[in-house]
Structure formats: C-alpha cells, structure tokens
Amino acid sequence: MADDSIAVVDLERCQPDRCSYECKNYCPPNRTGKECITLRGEEAEEGQPEQIHISEEICLGETCGICVEKCPFDAIEIINLPKELQDDPAHRYGENAFSLYGLPAPQDGQVTGILGPNGIGKTTAIRILAGELEPNLGRHEEEPGWDEVLEAYRGTELQDYITNVRDGDVTIARKPQYVDQIPNSFDGNTRELLERTDERGALNSLVERLSIGPVMEHSIDDLSGGELQRVALAATLARDTDFYFLDEITPYLDIGQRVTAARLIRELAEKEDKSMLVIEHDLAILDLLADTLHVAYGEPGAYGVITSPKSVRNGINEYLSGYLENENMRIRPNPIEFEEYAPRTVTAADTLVEYPDLTKSYGDGEFSLEIESGTIRENEVLGIVGPNGIGKSTFAKLLTDNLEPDEGDSDLDLDISYKPQYVTIDQYMRVDAFLSSITDQFGSSYWNTEIAQPLQLERIMEQNLSDLSGGERQRVAIAACLSDSADLYLLDEPSAHLDVEQRVQATSAIRRYAEQQDATVLVIDHDIYMMDLLADRLMVFNGEPAVHGRAGQPKPMRDGMNEFLANLEVTFRRDERTSRPRINKPESQLDRQQKSEGEYYYS
Ligand code: SF4
C-alpha cells in the first residue's frame, strides 16, 4: 500500500456470519494467492466466525477499494491520508485501527480550546495528557516508552507537559461529555456529590453563581439535564488539580448559563494559573472562553488530526471557511457564510397565520405563561429565544395542539411538522424504513442531496432507531420533520447533541430547505450562530424561569437580539473578516459602548 494510506476495520460492524467474507473473496491480491485480507485468528464472540484483518503492506490502497464496495455493513475504510500529514501518529490502537495525529498543548493560566467533530480522537488525546495512555507513536508492535515519546516532542509546546506526565506529576479533573449518565454512577443528593469535590474551598461561590442552591438536597436521579450540567461543572471546578479537562460545557444550558460557565472557567485559569482544556461545539462560547484553539479534523472512527495551536479568531474563521491555512488542508468543500442582515425580504401581506393572545399555567399556577398575539409570515424562519424554563417549548406544544391554552384559541388550522425538544423515536425499526414511511421523496437525488447528505444519514440508514446515539437520533428527527409535507415546520432545539460540524451542516440544511421549498419554519434554540444563520425574525421570551414567562410579538432580528441580549447583559459584534457574531469581552471598551447605545447585537 502507498505509505500514506491506512486500512480501518470497524469490528462493531464486521459480521462475517452474515456476508460469507465477500471482501476476502474479491480482494485482488487474495485472488492471486497473497494474504492481504486474512482472518484474525480469534472468534468475534463465542461461537461467531472470525473477523477480518487487512495487511496494509499488501493492500493496493484507495484506488482499489473493492472490499469497501463489497462489505454490506460499511465495516471497511481504505483511506488515503492527506499528503500534508507528514508526522507519525501520536498513537495508533493497532493495525486496521484508529490513529491520532497531533496532541493539544495545555498551558498554565490559559484556556485551550479544541474545535472539531466527535469521533476523531479527543478522548485518546485526553487519556494521553492525563498519563493514562502511553502514546506509541504509531508503533503498536514495539511500544516506544515515555522517554522516546518525550524525545519526539522535544522543542514543541508539549515538551514540559509531557515531562511532567512522564514523571507522574500531573493531576487532572474532568467533566464528562454525557452528564445524563452521572446518575448511573452516583447514588445520593447534590450536596453529597459536591462536598466530596470541594478541594479549593470554592463550593459556595460555585453553587451560587451556577444557581445550584435550589437543588442541593435533591437526589441526583431527579435532576434535569441543565441541572446535571451545572452540578458537573461545579464538581469539576471545585477540585484542586493542575489540569482541568471539560468535555462540552453547553448542552442543556441556556445562553445566560453558558456565559456564566465560560466566565467561571476563565477566572480559574487567570486567577489561579490553572491549565484548562475545553472541547466545545458552541462557537460563540468557545470564542469567549479560549485563549488558543486547536482545530481537529479527520475521518471519525478512522483517523483524527489535532492541529498546532492557532489564535481563537483565526482558528474559528479557518474552520468556518473550510480551509486550514498553515496545514494547507481543505476540511469542507464549502465555507459557512454569515450575512450581516437577514437576506430574505418578507412583507406584511405574506401572512401565514395570526395567533391570538394565549395564556397557560401549570401546577396550580406555580408557572404561568403569557403570549402576546402575533403573526407568522409565509416563507420566513422565525427564531425563538429565551432562558430555560420560560415557556418556549410550552408555546410549541400549544401551537401543535399537544397542550390546550387556558385562554385563547391556539388551533391554527395548519398542518404542522413538529420536532420536539426531547426526541423519542425509539421503536424497533430501521432508519431507512422509518424515513421512507414519511416521504415518497426518500432516496430521490433531491432528498439525498438536501436532507440525507448534510445530515450525514448514509452510514446509519441500516441501523435500528432504538440503537442510535443522541446525535444520530437528532439528525434523523430533523430529517423526519423536514421530509413531512406541512404548512409549518417547528424544530425545538435542533442543535442539541450535535457536534460542531453536524451543527453547521444541519443549520445549512434547514436554511436551504426553507429557501428552496418556500417553507415557513419556527426554530427554538440556544446556539447564537445557528440563530444568526437561520432566522429572519425573532420571538423573545423573558420573565422568571420556572415562575413566569412572557413573549412579545416577533421582531426584526436586530430588535429581537437587542431585547434578548440586554436581559443577559451580553453584547456581540461582527467579525470584520467573516461577519460571524462574536461575544465582546465583558467590560471591554466595545462592550461598554454598545451597552450605552442600547446596541447589544452589533454596533
Ligand atoms: Fe484488498 Fe486492499 Fe483492494 Fe480491499 S482495497 S480489496 S484489502 S487490495
């Protein structure tokens, strides 16, 4: 095989009991008597036939690819590594297994960000930086040992750090990615969990700033996603270690809570000279939070590359442009572009529907919601923003007749295709069967280009809905919502569980769909980038979470964002080069000037 190619076999997918080794039978070197595709010499599981192994010495590389075509389960990838990738991997799990190139470089007193999709080696990188995994520099048969690893990183930003790891001198606190799994590993209440972690004596202040007080005596089992996320953050930041690793801080949090989390992390780095490494898919928060940024790219499950550190501004701009300048690497065919003003013009004459004043209260009036009457226009994307617990999803349920209002008539006499906040498609049915039952466009070239490709559905079409991860389920639910024929499409939190690449692709799929189908779309979300790219107008919810919510009429983007951000005391500006929204540093000159002018959204 050419030096720059690798063969990767996904052993979760390889099922030789169901395919009769088609790959092995058709492999050209095998047919001439060579041992290119062989058996591993061990049963896959008890009683199951042996899975395959591919010799990277003998394989002809991507120009052949016959086994990739023949495998009915998409278990094989033959990949030409980018020729710009000249270094050895930091670690490879074995022949035909995942390789990681490059490592992030944490720095004392700094927040280092990583930006890139899931599945390309961040866990491997963290295990190496924590000293749990000795990197093998790609030599899985003859492990090099820490001294040789240190030699390989001599003269780089990582030299000092790796010296400390080799000497066992690094302590680490980490916040897990999936906070909803915390109740599986901890029995007890919030106070018990947090008091075990209070090594810095900072717990009271963390509890106050993250508004955890009301749930201190609650069982961990009973916490919502947003509460678990804040408790996990407090538990991590209360520890006293050299190195803090935070794997996504924003899921389930509203924008105010995201900004608070970002400020706490920055303060710990700046005031206590701690080293923070953050993986984050919300670009606005990453921009606010990080001092330097590594971009990660590759093929999920096959190989991942973590670039050298970049300035945060350049890293995000290059990522959005799809081209990494120093690496001379294209990571996406098309750039993600922001437009300073909403691109579509709509007039008052294009009314799709008018809804009346609505009220709804819950729990003997403990929570009440008031909606001012308003208009949804034809062919617009209407963004809906506001804190958690303020009634946004209740409004969606009123429109879709999943809830009855106390006052007002919410029956809009429209066909509404609705993706709820919590996606519950878990019947035992394959993804392709589920989607083809929704639209007869399924499988057409239009549907494949506009829905399946941007939502990366090809590789999961044959899986069962009940086996999908949170991100896969979200992508199928967005596809199902957009594939239905309807007067109005309503998507509640489409960015949840999506990594940054899936988020930008889903955003452009929704926007393109709205434009090309002249569709009317309502989107509830906390991701400012997604809102900025998608929405023509905004409906703003405010009030007191869990007590009282109120929504005014939909407003033009600028007015809506100004109202929304004024409540949060956060200001944004546009990046000069790309027009993307950027959060101003609190108390910076621009922040103060924009606040005094009442222009929270772009001066
Ligand atoms: Fe054989 Fe390699 Fe061709 Fe696959 S790509 S069939 S392993 S030569």
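When a ligand or atom number is given, it counts from 1 through the structure's own listing order. Side chains included, hydrogens not; waters and symmetry mates left out as well; all remaining heavy atoms used.
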Does the side chain of Ser55 pick up a donor-acceptor pair with the side chain of Glu35 at under 3.5 Å?
->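 Per modelled atom types, Ser55 and Glu35 side chains form no pair under 3.5 Å.
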Please confirm if an N, O or S atom belonging to Cys27, backbone or side chain, lies less than 2.8 Å from atom 3 (Fe) of ligand 1.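 No, since none of the N, O or S atoms of Cys27 sits under 2.8 Å from atom 3 (Fe) of ligand 1.
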- Would you mind listing every salt bridge (charged side-chain N to carboxylate O under 4.0 Å, His left out) that reaches into residues 110-122, with sequence neighbours excluded?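 Passing the test, one end in residues 110-122: Lys122-Asp247.
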[X] neighbourhood, listing ligand 1 atoms whose heavy-atom distance to it stays under 4.0 Å:
X	answer
Ile37	7 (S)
Cys36	1 (Fe), 7 (S)
Ile54	7 (S)

**Prompt:** In this structure, which one of Ile6, Ile37, Val8 forms a side chain to side chain contact (heavy atoms under 4.5 Å, CB included) with Ile54?
**Reply:**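 With Ile54 as partner, Ile6, Ile37, Val8 yield a single side chain to side chain contact (heavy atoms under 4.5 Å, CB included), made by Ile37.
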Review point. For ligand 1, which part of Cys67 has a heavy atom less than 4.0 Å away: the side chain, the backbone, both, or neither?
Key: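 Both backbone and side chain.
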Quick one: look at Pro29 and ligand 1, take heavy-atom pairs under 4.0 Å, and tell me if it's side chain, backbone, both or neither.
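Looking at Pro29 and ligand 1, just side chain atoms fall under 4.0 Å.
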Hey, is atom 1 (Fe) of ligand 1 within less than 2.8 Å of some N/O/S atom on Cys23?
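So Cys23 does not bind atom 1 (Fe) of ligand 1 by this criterion.
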Q.
I'd like to know if atom 2 (Fe) of ligand 1 has an N/O/S atom from Cys59 within less than 2.8 Å of it, counting both backbone and side-chain atoms.
A.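 An N, O or S atom of Cys59 is closer than 2.8 Å to atom 2 (Fe) of ligand 1, so yes.
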Subject >> Flag if over 12 foreign heavy atoms under 6.0 Å of CD, Gln516 >> reply: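 Counting neighbours around CD of Gln516, more than 12 heavy atoms of other residues, nucleotides or ligands fall under 6.0 Å, so yes.
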Fill in: Which residues share a side chain to side chain contact (heavy atoms under 4.5 Å, CB included) with Ala130, sequence neighbours left out
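Counting only residues at least two positions away or on another chain, Ala130 forms a side chain to side chain contact (heavy atoms under 4.5 Å, CB included) with Glu132, Ile172, Arg174.
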query: Has the side chain of Gln51 got a donor or acceptor atom that lies under 3.5 Å from a matching backbone atom of Cys14?
result: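 Answer holds: yes.
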